[in-house]
Amino acid sequence: MRARRLAGWMIVLLIASGLWSGALAASAQRVETAAAVLEAGAMARIELSQTPVEYVYTPLANGLYDVHVFPVSDAPRARAELWDGDDLLAAGDGLLKLLSCRLNAGTPYTLKLSGTGTVRLEVARETLSRCFDMPLELEDGGGYSKLIAREGDVHWYAVTAQSSGAALLACAPETAGLRVQTWLFDERGRLLGTGETLPSGSAVLSAAFESGGSYFVRVAGYGGAKGKYALTLRRSESAARPESVRLSAEELTISGCAAEELTASVEPADACGLVFLDSSAPEVAEARDGGFVEGRRAGFAVITAYAYGGARSTCRVTVEPVAVEGVAFSGNAVEVTEGDSRALIANLVPANATDRRVVYASSDEGIVTVDGNGVITGVNDGAASVIVTALDGGAADEIAVRVRPAKPRYRALIIGEQNYAPTVEAERTGSVKSVEGVMSLLNSMSFDGSGFTVSTLMDASRDLALSTVRKVFADAREDDVSLVYITSHGFYRAGMTFFVMADGSVLSAQDLEQALRRIPGDVVLLVDCCGSGGVLGEAGGPEDLLEGVTGVFQGTVGGASVRGSKYRVIASARLDQDSYRIGFAGEESMSTVFARALCDAAGWNLDLNAPSALNADADYDGRITLDELDSYLTRRVMWYLNLAGDYAQSVCVYPKNDSAVIFARTSE
C-alpha cells in the first residue's frame, strides 16, 4: 500500500486496499448416607455445630454457584466446604457469601457445614436476579413484573428507601395456579419478615422502612411452581398501624362482567392507609386498582382487605350470569399486508356477558389465517372473510379481509475496516468517515414511505462479518431489498477478490457470496476496495465485463450467465486497479473516493453532513436506478481523481442498463 499527498490542491490521496436460582432447603429426611438433600426453591434453617453436617447438592444447570448463609442468631459463625467425591473444590467461612465454585449440571456434590449459631442456607447460581449479591433494582414505591420460568427459580430484588415510613409489599400471581412466597431482608442478611400467603396465592408483607436503608426482597413459587407474578411496593410516610379496616360493602352483587365500586378505609383515620385487596377466586371476581371489583364469570368469591400491620375485613361477592345475545366485529372490513398480522376486536352483546368464549375461522386460509385470539395473518394477495362465533348461544359475525401484497423492506449492513492490527496493515484512514457517510445517506432514503434499517460493523474479523450478514438479514422475504456495503484493504488473486479484515483474517468473495445467496429477495452489493472489480471479473475495457456474477464471485473467469439474478453489484475499481481515498481538509476529512461519489450521487454531502440533491436522478422522478448510478459514478469518480492528478479508477456495475431502483426519496 502507498500514500501520496498532493500539495497543489491541499488534497490528501491514499491508496486503499441451574436452570434455577439455586435457593435450597434441607429435607426433613436423611438419605441412607446420612446426608440431607438440598432442594431448589427454599431456604434451609440450620443449627450449626463443630461437627460438620453434610448435604448432597446436585445443580440443574452448569454455572458459577455461591454458597450464602444468612444470620438468625446473634453473631453466628459458619464454615462451608464443597467436595466432589474426595476432591475439595472450595471452602470459606464467615457470613453471607462463603464460597463460589463452578459446578456441572447433574453432578452430585457434598456440602459440609460447621460452626456456631443458627443460620439460613442458600446455594444460588451467580447471575442477575438469582442471588443476594446480584439483585434486580426495585424502585421505592414501584413495581416489577417477572416470570418464574423454571422449577426452583428464586428472584432477588434490592430497594433503597427514599423516606422513612410504612411499606406494604404485595406479590400477586398473574398465572393461574401459581402461589408465591416472599421474604424481606436487611443489608446484613437478617430476615425482617415473611409474607403471608393469601387465598388467591398472593403474598403480603408489612414493614417499616428507614430513609436511606437498603432492603432485599426474595420471591419464589411454592413447591417449585412456575408462572408470572407482579411485585408492588406501596409506601406511606405514616407508620401508625390501623386498629381496623372496613370495606364499603359486606356483600356485593355484580351483573356479569361489570365492575362495582368497593373501597377500603382504616381506623383511626390518621393511621397508615395502605391496603391490599385480594380475591379468594380471581377467576370469578377480581379486585382492581382504584377501588373496583370486576366480575369474571358466574360464581362466588370473597374479597379481603389486608391493611398495613395486619388488620382485615371481607366482602362476599356474587357474580350473576348474563347470557350472550350477540357478537360483532369493530367494523365491516379490514386490510392486512402479506406476512403481517393484526388483532381483530369482537365485542359481545351485552358487554357484561359472562361466558366470553368465542371461536374464529377463516373462509380461505390460503389468503388469511386467524388464531384463537382473533389475530389474523395475511398469507397471499386476495380477499377472504373471518367469522367469529360466541359459544354461549351461537351468535356470529363476519368481517371482510383484504390482503395486500407485502411492501418491500429495506435493510442494510455497512462493514468498514480502519484500525488494523499493527502486524497486518497501517490504519486505513477514511474508512470511518466513509461508513458514516453511507450510513447517513441510507438513513435519508424513502421508498414510498419505507426506509432503510441500517446496521454497521467496524473493524470486524472474517467470521464476525459473515455471522453479522446472516443475523441482519435472517428474516428477509422474497420482496425485500438487502444492501451490503464493505470498505477495506483488498486485493485480487487467483481469480478472486479478497477483503483484508482488521485482525488479519481474509474474507474471500466466494465466502461473501455464499452468505449472500441465502438471503431471499434482491441483494445490492457495494464493494469499495482495491481489486474490487474481481467480484465481476472486470479488467481492461468495459466490453470485458462478465455476465456470470455468481461464477466470478467464486473465482472462475467466465461462467454461466445469471441474467435476472438477485444481485445488483457496484465495485469501486477494476480487478487490476487500486481504489483511492481523498480528503480536502486533512486526514480527518478523508473518505474513499467511491463513498464520496456515491453520496454525491444519491443526495448526501459528506463534508456538511447534510442532505443534498439527488444528482444521479437524471429524470427527476425522485428515484435513482442502477443505470443512473452507473452513469453518474463513472463521471464523478474520475472528476475527483482528476483534481488530484493522473490516476485511474473505473467503477464497475452489474448488470448494465438496469432499471432497478437503488435509492429514492419518495413518499406515499
Side-chain angles (χ1 to χ4, degrees), residues 16 408-420 424 428 431-432 434-443 445 450-492 496-536 549-555 562 565-572 579 592 594-595 598 626 652 654 660 662-663:
R409 294 176 300 179
Y410 297 83
R411 273 172 292 194
L413 173 61
I414 304 175
I415 303 173
E417 308 291 315
Q418 174 158 311
N419 299 303
Y420 281 83
V424 181
R428 189 174 182 269
S431 290
V432 169
S434 300
V435 165
E436 291 175 346
V438 174
M439 177 182 67
S440 298
L441 168 68
L442 295 176
N443 283 329
M445 295 293 102
S450 299
F452 273 104
T453 300
V454 183
S455 302
T456 60
L457 182 65
M458 289 297 302
D459 300 330
S461 65
R462 168 194 178 276
D463 291 344
L464 179 58
L466 292 174
S467 65
T468 304
V469 168
R470 291 190 289 268
K471 179 180 179 181
V472 168
F473 306 109
D475 62 342
R477 302 185 305 229
E478 286 295 337
D479 50 358
D480 291 346
V481 175
S482 303
L483 183 147
V484 176
Y485 168 81
I486 181 168
T487 182
S488 68
H489 284 308
F491 59 90
Y492 181 79
M496 196 186 314
T497 293
F498 292 87
F499 309 97
V500 182
M501 312 307 280
D503 65 344
S505 58
V506 177
L507 172 63
S508 71
Q510 179 179 1
D511 293 335
L512 180 59
E513 193 276 330
Q514 287 178 346
L516 296 178
R517 79 168 62 163
R518 295 183 175 91
I519 304 173
D522 293 333
V523 174
V524 177
L525 178 62
L526 308 177
V527 190
D528 190 1
C529 68
C530 293
S532 55
V535 301
L536 298 173
V549 176
T550 302
V552 295
F553 258 132
Q554 299 174 343
V562 288
S565 76
K566 65 189 332 178
Y567 295 115
R568 303 302 191 273
V569 185
I570 307 178
S572 64
S579 188
T592 67
F594 177 76
L598 184 70
L626 185 63
C652 308
Y654 174 86
I662 307 299
F663 300 115

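- Using a 4.5 Å cut-off on side-chain heavy atoms (C-beta onward), L516 and Y567 make contact.
- Looking at residues two or more places apart in sequence or on another chain, you find a ring pair (Phe, Tyr, Trp, His ring centres under 6.0 Å) between F498 and F491.
- Heavy-atom minimum distance, P520 versus A476: CG-O, 3.4 Å.
- Residue pairs that meet the ring-ring contact (aromatic ring centres under 6.0 Å, His included) test with at least one member in residues 450-478, sequence neighbours left out, are Y410-F452, F447-F452.
- Looking at S579, its side chain never comes within 3.5 Å of a backbone N or O of D528 through a donor-acceptor pair.
- Using a 4.5 Å cut-off on side-chain heavy atoms (C-beta onward), F499 and I415 make no contact.
- Nearest heavy atom pair, residue A465 against residue M501, reads CB-CE, 3.9 Å.
- Among all heavy-atom pairs drawn from D479 and P408, the shortest one is O-CB, 2.9 Å.
- Side-chain contact between V469 and R518: absent, with no pair of heavy atoms (C-beta onward) separated by less than 4.5 Å.
- Applying the side-chain hydrogen bond (donor to acceptor under 3.5 Å, both in side chains) rule to pairs touching residues 462-474 yields R462-D511, sequence neighbours excluded.
- For D503, the side chain to side chain donor-acceptor pair (under 3.5 Å) partners are S505, not counting sequence neighbours.
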Applying side-chain contact (heavy atoms from CB on, under 4.5 Å), run through R411 and D475 and close with a yes or a no. CA-CA 11 Å; R411 273 172 292 194; D475 62 342; 2.3 Å; yes
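- Looking only at distances, a side-chain donor or acceptor of D480 sits under 3.5 Å from a matching main-chain atom of R409.
- Under the rule for a side chain to side chain contact (heavy atoms under 4.5 Å, CB included), the partners of S434 that lie at least two apart in sequence or sit in another chain are Y485, S591, T592, A595.
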Table please: side-chain donor-acceptor pairs of residues 453-460 below 3.5 Å, with sequence neighbours left out.
| from | atom 1 | to | atom 2 | distance (Å) |
| --- | --- | --- | --- | --- |
| D459 | OD1 | Q418 | N | 2.8 |
| D459 | OD1 | N419 | N | 3.0 |
| D459 | OD2 | N419 | ND2 | 3.0 |

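- The neighbour count for R477 CZ, taken as heavy atoms of other residues, nucleotides or ligands under 6.0 Å away, is above 12.
- Closest of all the heavy-atom pairs between M496 and S508 is SD-CB, 3.5 Å.
- By the 4.5 Å heavy-atom criterion applied to side chains, L507 and I486 are counted as neighbours.
- Atom-to-atom distance recorded for Y654:OH and L525:CG is 13.0 Å, nearest 0.5 angstrom.
- Taking each heavy atom of V535 and T497 in turn, the nearest pair found is N-OG1, 3.4 Å.
- The minimum heavy-atom distance linking E417 with A502 is given by the pair OE1-N, 2.7 Å.
- Summarising the geometry, atom CZ belonging to F594 is positioned 9.5 Å from atom OG1 belonging to T487; distances are rounded to the nearest 0.5 Å.
- By the 4.5 Å heavy-atom criterion applied to side chains, V524 and L626 are not counted as neighbours.
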Take I414 and L442 through the test side-chain contact (heavy atoms from CB on, under 4.5 Å) and record every step on the way to the result. CA-CA 10 Å; I414 304 175; L442 295 176; 4.0 Å; yes
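- Side-chain contact check for I662 versus I570: every heavy-atom pair is 4.5 Å or farther apart.
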